[in-house]
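Predicted model, so just to flag it, every value in this text is computed and none were measured. Just follow the structure's listing: the first ligand is 1, and inside any ligand the first atom is 1. Hydrogens, waters and symmetry mates are skipped; everything else that's a heavy atom, side chains included, is used.
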Amino acid sequence: MTIPCLDLRDGRSLPMLGLGVYKITEQHRMDQSVSWALEAGYRLFDTAQMYGNEALLGNSLSSCSIDRGSYFLTGKLEPSNSADPVTALKKSLDALKTDYLDLFLIHWPGQQQERLIWVWQQLEELHGQGLIRSLGLSNCTEKHLHWIMDSCSIAPAVHQVEHSPLLHETDLYSLCREYDIRLQAWAPLMRGNLDNPAIAEIARRYGKTSAQVILRWNIQHGFSAVPKSVHRERIFENANIFDFRLSRDDMAALDGMHIGKRTGKDPYSYDY
Ligand code: NDP
């Protein structure tokens, strides 16, 4: 299966579905998950310095017979590495056994404007050196986006945010669209807490699972998504979302489930 891509403002392409690898901490599990994902058509892998598994992912990808140019690798700068993003990125590249990342995100912006802008400028330098192909942000509010957009030389191409039917922040997404920044969903499956009768009922009508409906809802909103699984059946299930379309009413019903429920930190207050 070929997974469609979004066009980025920098001329590159972002697959609309990727494999998240948070909490995969054993080599054999990483090997299996990566291999099944490639078999299912995934070409995007999402890791972070914070996950402590870059070397595992690097080992898995380098032991598969896939060219570096055929897959998209996302990394993220850990907040505690903000004082020296250059050294941190170089360590990530070593661990991932690659010369460049397709996308590097500031994992958490924090609440200090000067520091955030300084870190972004370091990433712009790394981009200039060819070590990062696209630059992005994660977990930003409107305030953070304005800070960056008002000062950057290279605008962010991607913003990765927690996004599920229970957390659908339309003003933030509108601002990203105004700035021509593509959105990507983390924890799109609400970390596996899929026991929701209203979503299950929509899924039943399409002959799909709740996971597939939520991922499809992301795609129809123009988001890329990076669900995580270590199970073959689920990795395939999560990719099998390009053969149906949710109706306008069902999209609206899913939008209407927003209750502001986060499974992670709150970007409006989190600092480091
Ligand atoms: P997800 O919402 O992707 O949920 C993962 C959980 O759902 C796992 O327990 C998995 O179990 C289960 N699951 C997966 N597929 C199915 C399915 N079809 N049916 C039922 N259960 C399923 O949560 P994550 O926190 O992992 O988020 C996804 C990715 O986003 C991360 O792996 C990471 O790459 C990224 N991320 C980014 C953050 C950021 O701050 N930018 C923060 C957190 C995550 P199992 O593995 O056992 O199948």
Side-chain angles (χ1 to χ4, degrees), residues 14-26 28-30 32-34 36-37 40 42 44-54 56-57 60 72-81 92 96 101-110 135-141 144 156 158-168 172 176 181-196 199-200 203 208-218 223-241 261-268 270 272:
L14 175 73
M16 292 193 85
L17 188 77
L19 185 75
V21 301
Y22 182 40
K23 294 199 174 161
I24 305 182
T25 53
E26 294 166 324
H28 79 279
R29 282 228 180 253
M30 188 69 87
Q32 284 182 331
S33 305
V34 166
W36 291 329
Y42 294 64
L44 159 60
F45 298 90
D46 182 278
T47 186
Q49 293 166 355
M50 199 184 274
Y51 306 164
N53 61 11
E54 291 170 314
L56 302 186
L57 180 59
S60 299
F72 189 107
L73 198 48
T74 300
K76 308 185 197 86
L77 180 72
E78 178 166 349
S80 63
N81 291 332
S92 290
L96 286 160
L101 290 183
D102 295 280
L103 177 64
F104 195 53
L105 311 175
I106 295 181
H107 204 151
W108 286 91
L135 298 183
L137 295 165
S138 184
N139 300 307
C140 287
T141 64
H144 299 116
V158 177
H159 185 201
Q160 188 182 97
V161 293
E162 182 170 4
H163 183 235
S164 76
L166 305 187
L167 182 66
H168 184 58
L172 178 63
C176 288
I181 300 171
R182 295 285 174 264
L183 287 152
Q184 187 171 55
W186 67 257
L189 301 179
M190 304 179 288
R191 308 221 167 174
N193 296 307
L194 293 164
D195 190 12
N196 179 312
I199 299 176
K208 290 285 181 181
T209 64
S210 294
Q212 289 171 323
V213 161
I214 297 172
L215 292 170
R216 180 70 210 180
W217 171 79
N218 269 282
F223 279 62
S224 164
V226 288
K228 171 260 177 187
S229 179
V230 293
H231 292 100
R232 187 177 194 280
E233 193 182 292
R234 289 176 174 176
I235 288 171
F236 276 77
E237 173 187 330
N238 295 344
N240 187 11
I241 55 171
K261 184 172 167 53
R262 294 181 192 283
T263 66
K265 300 182 193 86
D266 183 348
Y268 288 88
Y270 173 67
Y272 59 89

Under 4.0 Å from one or more heavy atoms of Y51, ligand 1 contributes atoms 33 (C), 34 (O), 35 (C), 36 (N), 37 (C), 38 (C), 44 (C)

For G20, the ligand 1 atoms with a heavy-atom partner under 4.0 Å come out as 29 (C), 31 (C), 32 (O), 34 (O)

The test is side chain to side chain donor-acceptor pair (under 3.5 Å); show your working for T47 and N53 and say whether it passes.
CA-CA 7 Å; T47 186; N53 61 11; 2.8 Å; yes

Using every non-hydrogen atom in the two residues, find where P79 and H107 come nearest and quote the distance to one decimal.
CD-CB, 4.4 Å

Residue-level breakdown please: for R191 versus ligand 1, do any non-hydrogen atoms fall below 4.0 Å on the side chain, on the backbone, on both, or on neither?
both

Compare all side-chain heavy atoms of K76 with those of D46 and state whether any distance is below 4.5 angstrom.
yes

Ligand 1-proximal atoms of Q160, by part, heavy-atom distance under 4.0 Å
side chain

Which atom names give the shortest non-hydrogen contact between D102 and F72, and what distance separates them?
OD2-CA, 3.3 Å

Over 60° means perpendicular and under 30° means parallel, so classify the ring planes of W217 and H163, tilted if in between.
parallel

Would you name the heavy atoms of E162 and K261 that are closest together and state the gap between them?
OE2-O, 4.3 Å

Closest non-hydrogen protein atom to atom 15 (N) of ligand 1, residue and atom name please, with distance?
N238 ND2, 3.0 Å

What part of M190, side chain from CB on, backbone N/CA/C/O, both or neither, has a heavy atom under 4.0 Å from ligand 1?
backbone

A student checking ligand 1 against V230 at a 4.0 Å heavy-atom cut-off should list atoms 45 (P), 46 (O), 47 (O), 48 (O)

Ligand-side contact atoms (ligand 1) for residue partner P227, heavy atom cut-off under 4.0 Å:
3 (O)

Does any N or O atom in Y22 lie less than 3.5 angstrom from one in ligand 1, N or O only?
yes

Provide, to 0.1 Å, the distance between atom 26 (O) of ligand 1 and the closest protein heavy atom, together with that atom's residue and name.
K228 CB, 3.2 Å

Which part of L105 is near ligand 1, with near meaning a heavy atom under 4.0 Å away: side chain, backbone, both or neither?
neither

Looking only at heavy atoms, the pair that brings G18 and P227 closest together is O-CD, 3.3 Å

Please tell me if the side chains of L189 and R234 come closer than 4.5 Å, counting only heavy atoms from C-beta onward.
no

With a cutoff of 4.0 Å, is P188 in contact with ligand 1, counting heavy atoms of the residue only?
yes

Any side-chain to backbone donor/acceptor pair from H168 onto P165? Under 3.5 Å, distance only.
no

Quick one: nearest non-hydrogen protein atom to atom 43 (C) of ligand 1, plus distance?
W186 CE3, 3.2 Å

Can you report which non-hydrogen protein atom sits closest to atom 28 (C) of ligand 1, along with the distance?
V226 O, 3.0 Å

Are the side chains of V158 and S224 in touch, meaning some heavy atoms are under 4.5 Å apart?
no

Note: V21 and Y51 closest approach over all heavy atoms is C-CD1, 4.5 Å

What part of A211, side chain, backbone, both or neither, has a heavy atom within less than 4.0 angstrom of ligand 1?
side chain

What are the atoms of ligand 1, with element, lying closer than 4.0 Å to any heavy atom of H231?
45 (P), 47 (O), 48 (O)

Near K76, which atoms of ligand 1 are under 4.0 Å from a heavy atom of that residue?
41 (N)

For L194 and ligand 1, does the shortest N/O to N/O distance drop below 3.5 Å?
no

Under 3.5 Å, is there a donor-acceptor pair between the side chain of N139 and the main chain of P267?
no

Check V21 against ligand 1 and report side chain, backbone, both or neither, counting heavy atoms closer than 4.0 Å.
backbone

Using a 4.0 Å heavy-atom cut-off, which part of S229 comes near ligand 1: side chain, backbone, both, or neither?
both

Min heavy-atom dist Q212 to ligand 1 below 4.0 Å
no

Which residue holds the protein heavy atom closest to atom 24 (P) of ligand 1, what is that atom called, and what is the gap in Å?
A187 CA, 4.0 Å

Check: of A185, S138, G192, min heavy-atom distance to atom 7 (O) of ligand 1 comes from G192

Which protein heavy atom lies closest to atom 2 (O) of ligand 1, and at what distance to 0.1 Å?
L189 N, 2.8 Å

Between Y272 and W108 (judged by ring centroids, cut-off 6.0 Å), do the two rings come close enough to count as a pair?
no

For L17 against L44, the heavy-atom pair lying closest together:
O-CB, 3.8 Å

